[in-house]
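The next block holds one structure in the form of structure tokens; read it before the comments.
Every chain is numbered from 1 and lettered A, B, ... according to where its sequence line falls, protein lines coming before strand lines.
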Amino acid sequence: MTTVRIPAGWPATEDEARAVQDELRGRVVLDEPGPPPGTGRVTGVDVAYDDERDLVVAAAVVLDAAGLAVVAEATAVGRVSFPYVPGLLAFREIPTVLAALDELPCPPGLVVCDGYGLAHPRRFGLASHLGVLTGLPAIGVAKNPFAFTYDDPDTPRGSTSPLLDGTEEVGRAVRTRDGVKPVFVSVGHRVSLDNACAHTLALTPAYRLPETTRRADALCRAALREAAA
DNA sequence: GCGACAG
DNA sequence: ATCTTGTCGC
């Protein structure tokens, strides 16, 4: 597991962070469909914290898209680089996540983030931010609707409903298990919303959350225990 | 003006 | 995110 430092020039205030989002937002690519589900590789990224010791650990787990077997894993440790502020989550996670991705022995393919992409107050959530910085196709799959609204999708797995910011569709509520609370999918970078939803369903053969985030979550928690010990 | 609000 | 035991159910 490698150690990372907070990048020079990293935003120190909320205003600075918002300014960075406003500037980078223009680099998001929305006119590409992205890789077809079930082919190539899919990488889950997630982060765990120990605020007491000022530790943050990120994990990246690469899966073969066909069969979902683990192909590679990497972790990174760092210091907390920003407080948690709704809308500014990316500044808390990105330096360490980037380091974990760098440690991978193979290309990540599509990156699946725990959070949002376009479904964001300034249309530039974690998945978009990570996508722009790496150039990789990225999507966001979140467990909560944040400040957005949606109608409950029909009961069967595969049902969806628009995730709305007013009347604008910023993502989709996707039912990944019959009758279970949906997940909230949004585009990050270089992937269409339809394709992002199809990937999400391909990654949830057994549980509500994508195998990518489940694997990454388990790995960064385990790595945090080691780092804190 | 006061909450609510991804992780 | 994180603090946290047992319990109900397939």
Side-chain angles (χ1 to χ4, degrees), chain A residues 11 14 17-18 20-21 24-25 28 44-61 75-98 100 111-132 138-150 157 163-166 168-174 176-189 193 196 200 205-210 212-229:
Chain A
E14 298 184 20
R18 288 188 197 96
V20 170
Q21 292 180 328
L24 294 181
R25 180 175 45 203
V28 175
V45 293
D46 195 18
V47 170
Y49 302 94
D50 184 329
D51 290 310
E52 291 289 289
R53 301 170 187 254
D54 187 35
L55 281 181
V56 48
V57 174
V61 180
T75 57
V77 213
R79 301 290 174 190
V80 175
S81 52
F82 211 83
Y84 172 67
V85 179
L88 300 178
L89 174 66
F91 294 93
R92 196 168 161 74
E93 312 205 330
I94 276 189
T96 318
V97 169
L98 286 177
V111 177
V112 180
C113 298
D114 203 5
Y116 282 117
L118 268 196
H120 178 273
R122 285 167 297 284
R123 303 293 179 268
F124 196 71
L126 174 63
S128 301
H129 203 146
L130 197 58
V132 164
I139 67 174
V141 180
K143 299 182 279 301
N144 298 293
F146 201 8
F148 304 109
T149 61
Y150 69 101
R157 160 181 156 83
L163 182 65
L164 302 171
D165 184 352
E168 182 183 353
E169 183 181 40
V170 293
R172 219 164 269 167
V174 178
T176 55
R177 303 298 296 162
D178 291 357
V180 173
K181 177 179 179 174
V183 295
F184 304 89
V185 178
S186 63
V187 163
H189 184 60
L193 183 54
T200 299
Y207 300 96
R208 177 169 87 110
L209 299 179
T212 37
T213 64
R214 297 184 72 251
R215 292 321 228 301
D217 179 74
L219 181 56
C220 67
R221 289 198 198 203
L224 178 60
R225 288 175 217 165
E226 294 178 33

Could you give the CZ-to-P distance, from R122(A) to dA6(B), as a whole number of Å?
14 Å
Contact summary for A100(A) and A76(A), nearest pair of heavy atoms:
N-CB, 3.7 Å
For R177(A), what residues pass the salt bridge (Lys or Arg N to Asp or Glu O under 4.0 Å) criterion, not counting sequence neighbours?
none
If we only count heavy atoms from C-beta on, is the D165(A) to R123(A) side-chain gap below 4.5 Å?
yes
Sub-3.5 Å donor-acceptor pair from the side chain of R157(A) to the main-chain atoms of V174(A), do we have one?
no
Whole angstroms only, please: what is the OH-P distance between Y150(A) and dA6(B)?
12 Å
Taking distance alone, no hydrogens or angles, what donor-acceptor pairs closer than 3.5 Å link side-chain atoms of residues 86-97 of chain A to residues at least two apart or in another chain?
from, atom 1, to, atom 2, distance (Å)
R92(A), NH1, F82(A), O, 3.0
E93(A), OE2, Y49(A), OH, 2.9

What's the CG-C1' distance between L89(A) and dG7(B), to the nearest Å?
5 Å
Dot-bracket summary - DNA chain B, pairs being Watson-Crick or G-U whose distances fall under 3.5 Å, with | when paired to another strand
.......
For the pair R122(A) (side chain) and Q21(A) (backbone), establish whether a donor and an acceptor sit closer than 3.5 Å, ignoring hydrogens and angles.
no
Name the atoms and distances for all side-chain donor-acceptor pairs under 3.5 Å in residues 213-223 of chain A, with sequence neighbours left out.
from, atom 1, to, atom 2, distance (Å)
T213(A), OG1, P210(A), O, 3.1
R214(A), NH1, E211(A), OE2, 3.4
R215(A), NH1, E211(A), OE1, 3.4
D217(A), OD1, R221(A), NE, 3.4
D217(A), OD2, R221(A), NE, 3.1

Between F184(A) and F148(A), is the gap from one ring center to the other below 6.0 Å?
no
Touch class at under 4.0 angstrom, heavy-atom based, for L163(A) against every strand present
nothing
Please list each protein N or O that sits under 3.5 Å from an N or O in nucleotides 8-10 of chain C, with the distance.
none

Begin with the C-alpha distance, continue with both residues' side-chain angles, and end with the deciding distance and a verdict on side-chain contact (heavy atoms from CB on, under 4.5 Å) for Y116(A) and L163(A).
CA-CA 12 Å; Y116(A) 282 117; L163(A) 182 65; 3.8 Å; yes
What contact category does G87(A) fall into here, base, sugar-phosphate, or nothing, at under 4.0 angstrom with non-hydrogen atoms?
base
note: Y116(A), atom OH; dA6(B), atom P; distance rounded to Å ~ 8 Å
Give a yes or no answer on whether the side chain of R79(A) reaches the backbone of V56(A) with a donor-acceptor pair at less than 3.5 Å.
no
Any L224(A) side-chain heavy atom under 4.5 Å of V77(A) side chain
no
Between protein and nucleic acid, restricted to nucleotides 1-7 of chain C and to nitrogen or oxygen atoms under 3.5 Å apart, what atom pairs and distances do you find?
from, atom 1, to, atom 2, distance (Å)
dA1(C), OP1, R221(A), NH2, 3.4
dA1(C), OP2, K143(A), NZ, 3.2

Is any side-chain nitrogen or oxygen of N144(A) closer than 4.0 Å to OP1 or OP2 of dG7(B)?
yes
